[in-house]
Structure formats: C-alpha cells, structure tokens
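The structure appears below as structure tokens.
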Amino acid sequence: MKVLVAGATGYLGKHVVQELNVRGHSVRALVRNPDRLGPLRDVVDEVITADATDSQGLAGCCDGVDILVSTVGLVGKPAGPTCWDVDYGANLNLLREAQRARVHKFVYVSVVHAPALENLALVQAKRAFEKELRASGMEHTILYPNGYFSDMEDYLRMARRGRAFVFGKGGFRINPIAGEDVAAALADAVSTDEQDIELGGPEVLTHEQIARAAFQALGGPARITRLPLPALKIGLTLLRRLTPLRVHGVLEFPLTVLAHDVIAPAHGRRRLADHFRSEAEARP
C-alpha cells in the first residue's frame, strides 16, 4: 500500500518509515525539514515538505494514499506552537485532508492512558483529537504507547555527568518501550481492524532501577540523589502559573511521569538495559 507518514523525521517516525519499507509498502514522508531525513531518503519513495499546522500547505499531500500514519506531536524544548496547535490542530488538519482525498485509514500515535496524566494539557489535546478521529467515520487505529527508550536516555545523560536524580524513593514504575517495537505494532495495525492498542515494554522498572542501568551501561558507580516529592509538586504548580502554555504544556508531562506509576500492557521484546549499552558504546 501507499502510506503517508507525517512526522517522519521524529524518533518514532524514523522507525515507522523503516518498518513500513521493510514490509514492502510505498512510503511518502511528510516533513518540515527534508534535510533531517538523512539516510531515510534511501527508503522513502516520495518526500513532501510541509508544516502540518498549516492546513493550506497540506493540500494534495494525501492524494493517492491508502493509509495515513501520524506520529505528529509536540515534543522536546518549548517552542512557539502549543500542544493545541500541534497535537490537536495539526492532526485535525491531516484528518481533514485525508477525508478530502478519501484515504482508507488513519493510524494515530497518541499516549498511554494513566490517571495522573489525563488532566495535563498535552494529553487533553491528544484526547480531543482522538474524539475527532472517532467521530470522522474513517477507519482508524489509535496506538497508546508508554514512554519510549529515547525518553529514558535522560538518565544516561545524567549518568555521564556523574549523578542521577529521582523523586521520592525512586520507586515509581514505568515499562518504557523501544521505538522499533512500537513501529512493528503500528505496521501490523495498518492491515488489521483493531482500533485501540495499548503498548508498554516487556519490563516494569522503577526509576531508580533505570538510573542504575544507565550507570551500569557506562561502567561507573551509581550516584543517585533522591529529591523530595513536595518540591516537584510545588515546582509543577509554579510552572503552570508562571509560564505560558507553550512552555508548561511541554514540561509538565515528563515531570509528572517521574512521580507516578505509568504502566501499559507488555509488548515487544527489546530491553532498556541493552538499549543503554548500545548508546554507551556508540558514544563512549
């Protein structure tokens, strides 16, 4: 099939493009900056340069496409757009264009369901788009992955600096999943009728265990400092009151994950410790 991948240059998008190519699909990549494609240029059949927040710029991007896959979401450092501009607005623009072009199916990558996360702005924007997608009448699949291995690399960066920080006793749990495993599940979903797929990794780990795995990958002693939970709660409150949505909408999500259990059904086979070792060997 011909598949349009929106967000093709992101962490997950790159894995999705590669997995779809391996399975024999024709991939059209929608990107804001084609220079970021790098080696992916060899595995995509077409490249369209557009910003999904610009509905007019998307005109024609879905023509001739069977499946639209969106990994579009606001990640990384605070920037100009808000989560409502990107996680909701950009994906709604893609949905409207897919409807116009009579795309057969829309596959959307959202975020895990967890009580502590549902009131966050980023998650509310994603849930609002999910509602639009369900109401559209278009065939669809929504994936709800837990934290990615790439998110856990913050612990590796702290370990390189000689000290990692956890909140409370470091006992809050998560089962992060590899981008490759999410991409495989997504590629499966392209040709199934399943509408909702919750995805977590095969191992449930505490944040302290994750920090120790990072130090072990680097071959050094684990130096871990435990920060009081009240300090995090006060910090989150001040963050929301004193910064605009474009700032706290991005930062409150990872900070909240650090102080709650966030667990999804086990899926995939890759282990975080192996990922840390691979990253440590690649950048000693």
Side-chain angles (χ1 to χ4, degrees), residues 10-12 15 71 73-76 83 87 109-124 126-127 142-160 163-186 196-218 222 224-229 231-233 235-236 239 249-280:
Y11 166 75
L12 180 60
H15 290 301
T71 66
L74 194 61
V75 295
C83 51
D87 295 83
V109 182
S110 185
V111 67
V112 64
H113 288 103
L117 305 180
E118 295 304 312
N119 290 326
L120 303 182
L122 179 70
V123 177
Q124 290 181 333
K126 289 179 180 294
R127 300 293 183 248
I142 304 174
L143 287 83
Y144 301 93
N146 210 340
Y148 300 127
F149 282 5
S150 60
D151 300 324
M152 301 301 110
E153 289 174 13
D154 283 341
Y155 284 105
L156 202 56
R157 284 187 279 272
M158 286 190 285
R160 290 184 192 278
R163 184 164 297 277
F165 298 89
V166 297
F167 285 98
K169 296 180 180 179
F172 294 108
R173 301 171 299 153
I174 189 169
N175 58 327
I177 185 168
E180 297 94 329
D181 288 333
V182 177
L186 187 151
D196 299 279
I197 304 174
E198 299 269 359
L199 296 168
E203 298 176 296
V204 176
L205 303 167
T206 68
H207 285 275
E208 178 157 343
Q209 286 175 322
I210 294 171
R212 290 187 180 280
F215 281 105
Q216 186 174 9
L218 296 174
I224 299 172
T225 297
R226 295 168 181 80
L227 302 176
L229 275 176
L232 175 62
K233 294 176 180 178
L236 281 170
L239 182 70
V250 175
L251 298 179
E252 67 178 355
F253 181 86
L255 290 174
T256 302
V257 169
L258 293 175
H260 294 85
D261 288 345
V262 182
I263 301 172
H267 188 92
R269 56 183 177 80
R270 292 172 174 83
R271 290 165 35 87
L272 182 60
D274 295 332
H275 175 76
F276 279 169
R277 280 193 291 270
S278 177
E279 289 295 309

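Around the CD atom of E198, the shell of radius 6.0 Å holds more than 12 heavy atoms that belong to other residues, nucleotides or ligands. Within a 6.0 Å radius of CZ in R157, more than 12 heavy atoms belonging to other residues, nucleotides or ligands are found.
The salt bridge (charged side-chain N to carboxylate O under 4.0 Å, His left out) search around R160 returns none, not counting sequence neighbours. Here Y144 pairs with H113 under the ring-ring contact (aromatic ring centres under 6.0 Å, His included) rule; sequence neighbours left out. Remark: S278 pairs with no residue by the side-chain hydrogen bond (donor to acceptor under 3.5 Å, both in side chains) rule, at least two apart or across chains. Contacts of Y148 classified as ring-ring contact (aromatic ring centres under 6.0 Å, His included), with partners at least two apart in sequence or in another chain: Y11. Partners of D261 according to the salt bridge (charged side-chain N to carboxylate O under 4.0 Å, His left out) rule, which considers only residues two or more places apart in sequence or in another chain, are R173.
In this structure, OG in S110 is found 8.5 Å from CG in L122, a value given to the nearest 0.5 Å. To the nearest 0.5 angstrom, T256 atom OG1 is 6.5 Å from L117 atom CG. For the atom pair CG of L251 and CG of L236, the computed distance is 9.5 Å after rounding to the nearest 0.5 Å. Interatomic distance, CD1 of I142 versus NZ of K126, reported as 11.0 Å (0.5 Å rounding). Summarising the geometry, atom CD belonging to E153 is positioned 12.0 Å from atom CE belonging to M158; distances are rounded to the nearest 0.5 Å.
By the 4.5 Å heavy-atom criterion applied to side chains, I210 and I174 are counted as neighbours. Taking the side chain as every heavy atom from C-beta outward, H207 and F167 never approach each other to under 4.5 Å. The shortest distance between side-chain heavy atoms of P145 and V109 falls below 4.5 Å.
The shortest heavy-atom contact between T206 and G171 is CG2-O, 3.7 Å. Of all heavy-atom pairs between L272 and L205, the closest is CD2-CD1, 4.0 Å. Among all heavy-atom pairs drawn from P202 and A266, the shortest one is CA-CB, 4.2 Å. Across I224 and E208, no two heavy atoms sit closer than the pair CD1-CG, 4.0 Å. Closest approach of L143 to V182, counting heavy atoms only: CD2-O, 4.2 Å. Nearest heavy atoms, G179 versus L12: O-CD1, 3.7 Å.
D87 contributes a side-chain N or O that, together with a main-chain N or O of L74, makes up a donor-acceptor pair within less than 3.5 Å. At least one donor-acceptor pair closer than 3.5 Å links the side chain of N146 to the backbone N or O of V262. In terms of modelled atom types and a separation under 3.5 Å, the side chain of N175 and the main chain of G201 share a donor-acceptor contact.
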For a side-chain contact (heavy atoms from CB on, under 4.5 Å) check, start with the C-alpha distance between F215 and R212, then their side-chain angles and the critical distance, and finish with the verdict. CA-CA 5 Å; F215 281 105; R212 290 187 180 280; 5.8 Å; no
Steps toward side-chain contact (heavy atoms from CB on, under 4.5 Å) verdict (L229, F172): CA-CA 11 Å; L229 275 176; F172 294 108; 3.8 Å; yes
Pair E279-L218, side-chain contact (heavy atoms from CB on, under 4.5 Å): steps then yes or no: CA-CA 9 Å; E279 289 295 309; L218 296 174; over 6 Å; no
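The list of ring-ring contact (aromatic ring centres under 6.0 Å, His included) pairs with a residue in residues 256-277, not counting sequence neighbours, reads F149-H275.
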